[in-house]
Protein chains: 2
Amino acid sequence: MRNLHHPTLKNVPLSVILHALSDPVRLQIVRVLDKHGESCCGGLELGLAKPTQSHHFKVLREAGIIAVRVEGTQRCLSLRKADLDKRFPGLMDAILKAKSPL
Amino acid sequence: MRNLHHPTLKNVPLSVILHALSDPVRLQIVRVLDKHGESCCGGLELGLAKPTQSHHFKVLREAGIIAVRVEGTQRCLSLRKADLDKRFPGLMDAILKAKSPL
DNA sequence: TTGCTTGTTCGAAAATTTTCGAAGCATTAT
DNA sequence: ATAATGCTTCGAAAATTTTCGAACAAGCAA
């Protein structure tokens, strides 16, 4: 699979974004990507089975929240911060600045 | 039932707030309350059976997003905007300003 | 080629969520 | 006291979500 689909944010409903971010695991992924920048799937120590992680990556990608870049056998994940800021100004900043608990 | 429980926002995890807001029906309720101010349950024309509406009101109340005031046989709903702004600055503004689709 | 690394897809179980009819419960009106 | 109003709770069906083992696929290395 060479090219993965990344939706245009314009077409993503707010409820889809909020749903994708409403899971503690996915919120954690987003925070790690914001803090450390682009990271490979394996670099995120989430304490979950690989298929489960893969599922969450897919939800985030299809919601337009993360971009996935193929590099050899690895997938490099990054936050689509600029796209998100344009579509929903202030949303990600508010979410990323929030204090724990998730 | 005289006094309904309203959680202290400080104790509500972000994921709970986002989950409550991730349903299009509940997003619609929040938008109506923001636009029209305090409204009674019956005043929101949601096109859903009453038990279903009641369910969504409960989810929003238990997430700390709306306040419910008992007035006779009616329940008056309002957005806990100030509390939300304090706990998650900028979050509700970003959500309320978002363009359709929900 | 063979094997190793990295991650996805398949299939399925368990949990959660959304929905609504029927019944119930305060409160107000008659 | 009886009935009407406004909303909630109960019980249950249907849909969705979360999770993971097993199998699979693509790239890299020996």
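What you are looking at is a predicted structure, and each value in this text was computed from that prediction instead of being measured. Below, read A as the first sequence line, B as the second, and so on, with proteins coming before strands; counting in each chain starts at 1.
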| said: Distance check, rounded to the nearest 0.5 Å: A/Leu46 atom CG versus A/His56 atom NE2? | reply: 8.5 Å

| request: Enter the distance from B/Leu48:CG to B/His55:NE2 here, rounded to the nearest 0.5 Å. | output: 10.5 Å

| message | Taking only side-chain N and O atoms of B/Thr73, does any of them lie within less than 4.0 angstrom of OP1 or OP2 on C/dT27? | response | no

| message | Hydrophobic cluster membership, with links at side-chain heavy-atom distances under 4.5 Å among I/L/V/M/F/W/Y: are A/Leu91 and A/Val30 in one? | response | yes

| A/Met92 reachable from A/Val16 in the ILVMFWY side-chain graph, under 4.5 Å edges | yes

What is the distance, to the nearest angstrom, from the [atom1] atom on [X] to the [atom2] atom on [N]?
| X | N | atom1 | atom2 | value |
| --- | --- | --- | --- | --- |
| A/Arg75 | C/dG7 | CZ | C1' | 6 Å |
| B/Leu46 | D/dC7 | CG | C1' | 14 Å |
| A/Glu71 | D/dC28 | CD | P | 9 Å |
| A/Leu4 | C/dT8 | CG | C1' | 10 Å |
| B/Lys58 | D/dT9 | NZ | C1' | 8 Å |

Between N or O atoms, less than 3.5 Å apart, protein on one side and nucleotides 15-20 of chain D on the other: list the pairs.
{"residue": "D/dT18", "atom": "OP1", "partner": "A/Asp23", "partner atom": "OD2", "Å": "3.3"}
{"residue": "D/dT18", "atom": "OP1", "partner": "A/Arg26", "partner atom": "NH2", "Å": "3.4"}
{"residue": "D/dT18", "atom": "OP2", "partner": "A/Arg26", "partner atom": "NH1", "Å": "3.2"}
{"residue": "D/dT19", "atom": "OP2", "partner": "A/His56", "partner atom": "NE2", "Å": "2.6"}
{"residue": "D/dC20", "atom": "OP2", "partner": "A/Ala49", "partner atom": "N", "Å": "3.2"}
{"residue": "D/dC20", "atom": "OP2", "partner": "A/Thr52", "partner atom": "OG1", "Å": "2.7"}

| What's the verdict on side chain to side chain contact (heavy atoms under 4.5 Å, CB included) for B/Leu21 and B/Arg26, showing C-alpha distance, side-chain angles and the deciding distance? | CA-CA 6 Å; B/Leu21 293 170; B/Arg26 293 194 289 264; 6.0 Å; no

| task | Please name the residue in the list A/Leu79, A/Leu44, A/Leu27 that meets the side-chain contact (heavy atoms from CB on, under 4.5 Å) test with A/Val32. | result | A/Leu44

